[in-house]
Amino acid sequence: MEKKLIFIIFASLFFISGCYNKSNNSITFKDDFGYLTPNSITYKFYGISEHFGFETGKVYYGEENERYILITNFKIINELTNQDEIEKYSFNLSFNNVSMFTDDMTNIGTANFEDKISESSIEEMGTSPADGFGESDAFLESTKDDFKDSIKFEIKYCYKDGLCNVEKLDLKYVES
(Lines give C-alpha, C1' and ligand atoms only; values in the text may rest on other atoms or scores of the structure.)
Protein backbone atom coordinates (compact mmCIF):
# COMPACT_ATOMS: atom_id res chain seq x y z
CA MET A 1 0.00 0.00 0.00
CA GLU A 2 2.80 2.39 0.90
CA LYS A 3 4.59 1.70 -2.41
CA LYS A 4 1.39 2.45 -4.33
CA LEU A 5 0.94 5.73 -2.48
CA ILE A 6 4.54 6.78 -3.19
CA PHE A 7 4.14 5.80 -6.85
CA ILE A 8 0.88 7.80 -7.14
CA ILE A 9 2.52 10.87 -5.57
CA PHE A 10 5.55 10.70 -7.91
CA ALA A 11 3.37 10.00 -10.94
CA SER A 12 1.13 12.96 -10.06
CA LEU A 13 4.10 15.30 -9.63
CA PHE A 14 5.60 14.10 -12.91
CA PHE A 15 2.29 14.58 -14.71
CA ILE A 16 1.72 18.06 -13.27
CA SER A 17 5.25 19.26 -14.04
CA GLY A 18 5.12 17.66 -17.49
CA CYS A 19 1.85 19.40 -18.35
CA TYR A 20 3.14 22.76 -17.16
CA ASN A 21 6.35 22.48 -19.14
CA LYS A 22 4.58 21.14 -22.20
CA SER A 23 2.37 24.22 -22.51
CA ASN A 24 5.28 26.64 -22.20
CA ASN A 25 7.51 24.52 -24.43
CA SER A 26 4.90 24.72 -27.17
CA ILE A 27 6.05 28.31 -27.72
CA THR A 28 9.41 28.58 -29.44
CA PHE A 29 10.72 30.97 -32.05
CA LYS A 30 9.17 30.56 -35.50
CA ASP A 31 10.86 32.31 -38.41
CA ASP A 32 7.92 34.03 -40.10
CA PHE A 33 8.59 36.75 -42.62
CA GLY A 34 5.58 39.07 -42.53
CA TYR A 35 5.20 41.54 -45.37
CA LEU A 36 8.76 42.83 -45.34
CA THR A 37 11.81 41.27 -43.80
CA PRO A 38 15.08 43.12 -43.90
CA ASN A 39 18.13 41.01 -44.63
CA SER A 40 19.71 41.62 -41.24
CA ILE A 41 17.40 41.22 -38.26
CA THR A 42 18.74 42.92 -35.14
CA TYR A 43 16.87 40.76 -32.58
CA LYS A 44 14.62 37.70 -32.77
CA PHE A 45 12.34 36.89 -29.85
CA TYR A 46 9.17 35.18 -28.68
CA GLY A 47 6.91 35.80 -25.69
CA ILE A 48 5.08 33.79 -23.04
CA SER A 49 2.59 34.61 -20.29
CA GLU A 50 0.32 32.40 -18.22
CA HIS A 51 -2.26 31.98 -20.99
CA PHE A 52 -0.75 33.51 -24.13
CA GLY A 53 2.30 33.32 -26.30
CA PHE A 54 3.64 34.49 -29.62
CA GLU A 55 6.23 32.64 -31.66
CA THR A 56 7.56 35.34 -33.97
CA GLY A 57 9.12 38.58 -32.83
CA LYS A 58 11.63 40.38 -35.03
CA VAL A 59 13.09 43.84 -34.92
CA TYR A 60 15.43 45.57 -37.32
CA TYR A 61 17.42 48.74 -36.73
CA GLY A 62 19.00 49.73 -40.01
CA GLU A 63 21.03 52.46 -41.56
CA GLU A 64 19.57 55.95 -41.89
CA ASN A 65 17.33 55.38 -38.84
CA GLU A 66 15.22 52.67 -40.50
CA ARG A 67 13.09 50.62 -38.10
CA TYR A 68 10.94 47.50 -38.52
CA ILE A 69 9.14 45.28 -35.99
CA LEU A 70 6.97 42.20 -36.50
CA ILE A 71 5.12 40.28 -33.78
CA THR A 72 2.88 37.44 -34.94
CA ASN A 73 1.90 33.78 -34.52
CA PHE A 74 -0.10 34.33 -31.33
CA LYS A 75 -1.47 31.34 -29.42
CA ILE A 76 -3.48 30.59 -26.33
CA ILE A 77 -1.22 28.16 -24.45
CA ASN A 78 -3.48 27.56 -21.44
CA GLU A 79 -7.23 27.87 -21.80
CA LEU A 80 -8.73 30.76 -19.88
CA THR A 81 -11.62 30.44 -17.43
CA ASN A 82 -14.89 31.14 -19.25
CA GLN A 83 -12.96 31.75 -22.46
CA ASP A 84 -16.19 31.83 -24.48
CA GLU A 85 -17.35 34.80 -22.36
CA ILE A 86 -14.45 37.04 -23.45
CA GLU A 87 -15.87 40.03 -25.30
CA LYS A 88 -12.82 42.08 -26.30
CA TYR A 89 -9.04 42.24 -26.10
CA SER A 90 -6.14 44.56 -26.85
CA PHE A 91 -2.38 44.52 -27.15
CA ASN A 92 -0.20 47.06 -25.41
CA LEU A 93 3.26 47.31 -26.92
CA SER A 94 5.32 50.00 -25.27
CA PHE A 95 8.85 51.32 -25.37
CA ASN A 96 10.31 53.22 -22.43
CA ASN A 97 6.80 53.17 -20.86
CA VAL A 98 5.26 54.95 -23.86
CA SER A 99 2.55 52.93 -25.59
CA MET A 100 2.54 52.57 -29.37
CA PHE A 101 -1.25 52.24 -29.45
CA THR A 102 -4.33 53.83 -28.02
CA ASP A 103 -6.33 51.79 -25.52
CA ASP A 104 -8.82 50.66 -28.19
CA MET A 105 -10.07 47.14 -27.67
CA THR A 106 -10.89 44.66 -30.45
CA ASN A 107 -14.41 43.26 -30.12
CA ILE A 108 -14.69 39.51 -30.54
CA GLY A 109 -18.25 39.65 -31.91
CA THR A 110 -19.43 36.20 -32.95
CA ALA A 111 -15.89 34.98 -33.65
CA ASN A 112 -13.98 32.51 -31.52
CA PHE A 113 -11.50 34.26 -29.18
CA GLU A 114 -8.72 31.78 -29.94
CA ASP A 115 -9.19 32.32 -33.69
CA LYS A 116 -9.12 36.12 -33.30
CA ILE A 117 -5.88 35.97 -31.28
CA SER A 118 -4.20 33.60 -33.73
CA GLU A 119 -5.08 35.88 -36.67
CA SER A 120 -3.55 38.94 -34.97
CA SER A 121 -0.22 40.49 -35.83
CA ILE A 122 1.69 43.68 -35.17
CA GLU A 123 3.88 45.16 -37.86
CA GLU A 124 5.41 48.62 -37.91
CA MET A 125 8.03 50.13 -40.14
CA GLY A 126 9.36 53.60 -40.53
CA THR A 127 12.24 55.94 -40.18
CA SER A 128 13.09 57.68 -36.95
CA PRO A 129 12.80 61.40 -37.60
CA ALA A 130 16.14 63.15 -37.77
CA ASP A 131 16.64 66.14 -35.50
CA GLY A 132 13.16 65.67 -33.99
CA PHE A 133 11.33 66.66 -37.19
CA GLY A 134 8.54 64.55 -38.64
CA GLU A 135 6.09 62.11 -37.13
CA SER A 136 7.28 59.57 -34.61
CA ASP A 137 6.01 56.97 -32.16
CA ALA A 138 7.35 55.00 -29.20
CA PHE A 139 8.97 52.35 -31.40
CA LEU A 140 10.65 54.83 -33.75
CA GLU A 141 12.11 56.59 -30.70
CA SER A 142 13.67 53.36 -29.39
CA THR A 143 17.23 52.39 -30.25
CA LYS A 144 19.10 49.18 -30.94
CA ASP A 145 21.00 49.64 -27.68
CA ASP A 146 17.95 50.14 -25.42
CA PHE A 147 15.49 47.84 -27.21
CA LYS A 148 15.66 44.87 -24.82
CA ASP A 149 15.31 47.09 -21.76
CA SER A 150 12.63 49.35 -23.20
CA ILE A 151 10.14 46.94 -24.82
CA LYS A 152 7.14 45.72 -22.82
CA PHE A 153 4.22 43.70 -24.20
CA GLU A 154 0.86 43.00 -22.55
CA ILE A 155 -2.44 41.47 -23.55
CA LYS A 156 -5.61 42.80 -21.95
CA TYR A 157 -8.85 40.84 -22.23
CA CYS A 158 -12.31 41.67 -20.90
CA TYR A 159 -15.32 39.51 -20.19
CA LYS A 160 -18.92 40.37 -21.00
CA ASP A 161 -19.51 41.19 -17.30
CA GLY A 162 -16.88 43.97 -17.49
CA LEU A 163 -14.10 42.15 -15.60
CA CYS A 164 -10.73 42.69 -17.32
CA ASN A 165 -7.35 41.01 -16.89
CA VAL A 166 -3.90 42.00 -18.11
CA GLU A 167 -1.04 39.59 -18.73
CA LYS A 168 2.54 40.71 -19.31
CA LEU A 169 4.46 38.52 -21.74
CA ASP A 170 7.98 37.52 -20.79
CA LEU A 171 10.20 37.99 -23.84
CA LYS A 172 12.85 35.40 -24.71
CA TYR A 173 15.59 36.27 -27.19
CA VAL A 174 17.02 33.96 -29.85
CA GLU A 175 20.51 34.23 -31.29
CA SER A 176 20.39 35.68 -34.82
Side-chain angles (χ1 to χ4, degrees), residues 23-24 27-38 40-78 80 83 86-108 113-159 162-176:
S23 65
N24 281 341
I27 298 294
T28 57
F29 181 77
K30 181 178 180 182
D31 208 3
D32 192 345
F33 296 102
Y35 297 109
L36 170 70
T37 300
S40 180
I41 298 298
T42 306
Y43 298 112
K44 295 178 181 180
F45 55 98
Y46 60 97
I48 300 172
S49 71
E50 181 181 355
H51 295 102
F52 303 99
F54 66 85
E55 294 179 313
T56 304
K58 292 182 175 184
V59 68
Y60 168 77
Y61 289 91
E63 296 177 19
E64 300 181 26
N65 296 320
E66 293 175 314
R67 309 275 195 275
Y68 172 74
I69 189 166
L70 171 69
I71 300 175
T72 191
N73 294 311
F74 289 92
K75 292 182 176 183
I76 295 177
I77 56 175
N78 290 313
L80 294 106
Q83 187 168 307
I86 295 175
E87 182 177 50
K88 53 190 174 181
Y89 71 96
S90 67
F91 297 131
N92 183 15
L93 179 61
S94 63
F95 295 88
N96 295 313
N97 297 316
V98 177
S99 180
M100 278 187 59
F101 311 117
T102 62
D103 197 25
D104 291 340
M105 308 268 309
T106 300
N107 286 315
I108 304 299
F113 179 57
E114 192 163 1
D115 291 343
K116 288 290 272 190
I117 288 288
S118 68
E119 294 168 358
S120 299
S121 67
I122 297 170
E123 191 166 25
E124 168 92 8
M125 63 185 104
T127 303
S128 179
D131 301 325
F133 296 106
E135 289 189 37
S136 190
D137 62 26
F139 171 58
L140 294 178
E141 294 296 324
S142 69
T143 67
K144 175 182 176 178
D145 297 330
D146 76 0
F147 177 80
K148 289 183 179 181
D149 293 327
S150 70
I151 186 173
K152 305 285 185 275
F153 190 76
E154 297 175 333
I155 296 178
K156 179 179 180 179
Y157 55 97
C158 298
Y159 292 91
L163 176 68
C164 295
N165 294 313
V166 176
E167 291 190 26
K168 180 181 176 191
L169 282 88
D170 184 29
L171 303 182
K172 310 285 185 186
Y173 292 88
V174 177
E175 294 295 320
S176 294

- request: Grab the two heavy atoms, one from F54 and one from T72, that are nearest each other, plus how far apart they are.
  value: CB-O, 3.6 Å

statement: In terms of heavy-atom contacts, D137 and F139 come closest through OD1-N, 3.0 Å

message: Does any part of the side chain of E87, heavy atoms only, come nearer than 4.5 Å to the side chain of I108, both counted from C-beta?
response: no

message: Is any side-chain heavy atom of Y159 closer than 4.5 Å to one of N165?
response: yes

message: Please tell me whether Y157 and E167 have a donor and an acceptor in their side chains that are separated by less than 3.5 angstrom.
response: yes

query: Quick one: NZ on K75 to OG on S118, what's the gap to the nearest 0.5 Å?
result: 10.0 Å

message: Whether the side chain of T56 engages the backbone of I71 through a donor-acceptor N/O pair (distance < 3.5 Å, no angle test) should be reported.
response: no

- prompt: Do you know which two heavy atoms are closest between K88 and N107, and how far apart they sit?
  reply: CB-OD1, 3.7 Å

query: After noting the C-alpha distance and the side-chain angles of F29 and Y46, does the key distance pass the ring-ring contact (aromatic ring centres under 6.0 Å, His included) rule?
result: CA-CA 6 Å; F29 181 77; Y46 60 97; 7.3 Å; no

- prompt: Looking only at heavy atoms, what is the nearest atom pair of F95 and A138, with distance?
  reply: CB-O, 3.6 Å

query: For D104, what residues pass the side-chain hydrogen bond (donor to acceptor under 3.5 Å, both in side chains) criterion, not counting sequence neighbours?
result: T102

- request: Check side-chain contact (heavy atoms from CB on, under 4.5 Å) between T143 and all other residues, then give those that pass, not counting sequence neighbours.
  value: D145, D146

message: For Y89, give me all partners under ring-ring contact (aromatic ring centres under 6.0 Å, His included), at least two apart in sequence or on another chain.
response: F91, F113

task: Give the intermediate values and the outcome of salt bridge (Lys or Arg N to Asp or Glu O under 4.0 Å) for residues E124 and R67.
output: CA-CA 8 Å; E124 168 92 8; R67 309 275 195 275; over 6 Å; no

query: What distance do E55 atom CD and T28 atom OG1 have between them, rounded to the nearest 0.5 Å?
result: 5.5 Å

- line: dist N65:CG -> L140:CG (nearest 0.5 Å) comes out at 9.5 Å

- prompt: Do K44 and D31 have side chains that get closer than 4.5 Å, going by heavy atoms?
  reply: yes

task: Please identify each residue that fulfils side-chain contact (heavy atoms from CB on, under 4.5 Å) with Y173, with sequence neighbours left out.
output: Y43, F45, F147, K148, I151, L171

N97, CG: over 12 other non-hydrogen atoms inside 6.0 angstrom: no

statement: One should read off an interatomic distance between I117 CD1 and F52 CZ, to the nearest 0.5 angstrom, of 5.5 Å

Note, N96 side chain near E141 side chain (heavy atom, < 4.5 Å): no

message: Using the side-chain contact (heavy atoms from CB on, under 4.5 Å) criterion, which residues pair with E154? Sequence neighbours excluded.
response: N92, V166, K168

task: Taking the side chain as every heavy atom from C-beta outward, state whether S142 and Y61 have any pair of such atoms under 4.5 Å apart.
output: yes

message: So for atom NZ, which belongs to K172, do other residues, nucleotides or ligands contribute more than 12 heavy atoms lying within a distance under 6.0 Å?
response: no

query: Heavy atoms, side chains only, cut-off 4.5 Å: are V59 and I41 in contact?
result: no

task: Could you check if a side-chain atom of F101 sits within less than 4.5 angstrom of a side-chain atom of I122, using non-hydrogen atoms only?
output: yes

- request: Show your reasoning for whether side chain to side chain contact (heavy atoms under 4.5 Å, CB included) applies to K152 and L169.
  value: CA-CA 8 Å; K152 305 285 185 275; L169 282 88; over 6 Å; no

- line: Interatomic distance, CD1@I69 vs CD@E123, rounded to 0.5 Å, equals 10.0 Å

Reported OG-to-CE distance for the pair S90 and M105, which is rounded to 0.5 angstrom: 4.5 Å

statement: Closest heavy-atom pair, E50 versus N78, reported as atoms and distance to 0.1 Å, is O-ND2, 2.8 Å

task: Output all residues satisfying side-chain hydrogen bond (donor to acceptor under 3.5 Å, both in side chains) with K144, sequence neighbours left out; order by chain, then residue number.
output: none

For F74 against S120, the heavy-atom pair lying closest together: CD1-O, 3.3 Å

